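Naming convention: chains lettered A, B, ... in sequence-line order (proteins, then strands); numbering from 1 in each chain. Scope of the values below: all heavy atoms of this structure, side chains included, with no hydrogens, waters or symmetry mates. Worth saying up front: this structure is predicted, and the values here are computed from it rather than measured.
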Amino acid sequence: MPKNAMIKINPKEYKKDDLVRVDTVIMHPMETGLVKDKESGKYIAAEHITSVEVFYGDEKITWMEVSGSVSANPFISFYIKATKSAPLKIVWKDNKGDVTEKVVDIKV
Amino acid sequence: MDRRSFLKTTAFATAGLTLGGSVLFPSNAAELVDNPPPKKPYEEALKEITKGKPVSDSDKVKLVAPEIAENGAVVPITAEVELPIEQVKAIHILTDKNHNTRTLSVYFTPANGKAYISTRIRLAETMNVVAIAELADGSFIKAQKPVKVTIGGCG
């Protein structure tokens, strides 16, 4: 089931070849697998994002390996150079095979 | 409506709500397992990243983290490498006493324009946060910062 995700470009107005900050957040519990269930004494199974991929147009420009040590509802921000008008697509994948995609358009 | 039938209806309605809630939000019934995921100590994570190459301290890596984090579950950190983006391949964030010390690895391309990453991480106890930058020539530079944690964040 895809999760809720949000992408925000900072600043909102930019020109060609400007550096813009991309703020991303996804609603994900990020279970580490270390938390014990109080009733049964067993561990709550790990469920966290393992990879984030960023595509600008057809090109994969950034990718990340994420572990359970990242906080719940992970917020990640990075920069891109706005060189062309193209969709910026971010794909989050978790260890349960869950895939979430979100696209924003970069217009220069 | 008399008192008896009123009580009956409300009881049913409440039961229905509880049941409906658990069907609507299945995540409440989390999957349980016997064993936690395997531990990854700092040395092992470091070896995985550098393949045994030396890592030198450098002021080119800027790591911003709070000195004291009241809540270890949400510690904001920012890492930036002050070198042209063509020279930087990746930034790895490590936390030297967490269960899984390899927290986040970010791989860049020149389309990024700037080697910068900002996120929020979990710290189980007071420990060092380490940012290792992997450069295009195959060398590694790092910056580290101790963060004091009052309430741990890894359960």
Turns out that what part of A:Lys60 lies under 4.5 Å from chain B's heavy atoms comes down to backbone
Discussion item. I want to check something: taking the side chain as every heavy atom from C-beta on, are B:Arg102 and B:Ile49 in contact at a cut-off of under 4.5 Å?
Written reply: yes
For residues 135-148 of chain B, please give each side-chain donor-acceptor pair under 3.5 Å, one per line with the distance, not counting sequence neighbours.
residue  : atom : partner  : partner atom : Å
B:Asp137 : OD1  : B:Ser139 : N            : 3.1
B:Asp137 : OD1  : B:Ser139 : OG           : 2.8
B:Lys145 : NZ   : B:Ala65  : O            : 2.6

Comparing B:Ile91, B:Thr103, B:Asn35, B:Asp34 against chain A, the one with the most heavy-atom pairs below 4.5 Å turns out to be B:Thr103
Q.
Go through it in stages, so that I can follow the logic: the residues are A:Glu31 and A:His48, the test is side chain to side chain donor-acceptor pair (under 3.5 Å), and I'd like the CA-CA distance, side-chain angles, deciding distance and then a yes or no.
A. CA-CA 6 Å; A:Glu31 287 292 349; A:His48 60 82; over 6 Å; no
Honestly, the part of A:Lys96 sitting under 4.5 Å from a heavy atom of chain B is side chain
| message | Is the terminal nitrogen or CZ of B:Lys89 (NZ for Lys, CZ for Arg) located under 6.0 angstrom from the six-membered ring centre of B:Tyr107 and within 45° of that ring's axis? | response | no
Is any side-chain heavy atom of B:Tyr116 closer than 4.5 Å to a side-chain heavy atom of A:Arg21? yes
Do B:Val81 and A:Tyr79 belong together in a cluster built from hydrophobic side chains that touch within less than 4.5 Å? no
Whatever's closer than 4.5 Å to a heavy atom in chain B on A:Ile61 counts as both
Under 4.5 Å to a heavy atom of chain B? For A:Ala82 that would be neither
Whatever's closer than 4.5 Å to a heavy atom in chain B on A:Thr83 counts as neither
Ranked by heavy-atom pairs below 4.5 Å to chain B, first place among A:Ile76, A:Asn73, A:Val66, A:Val70 goes to A:Val70
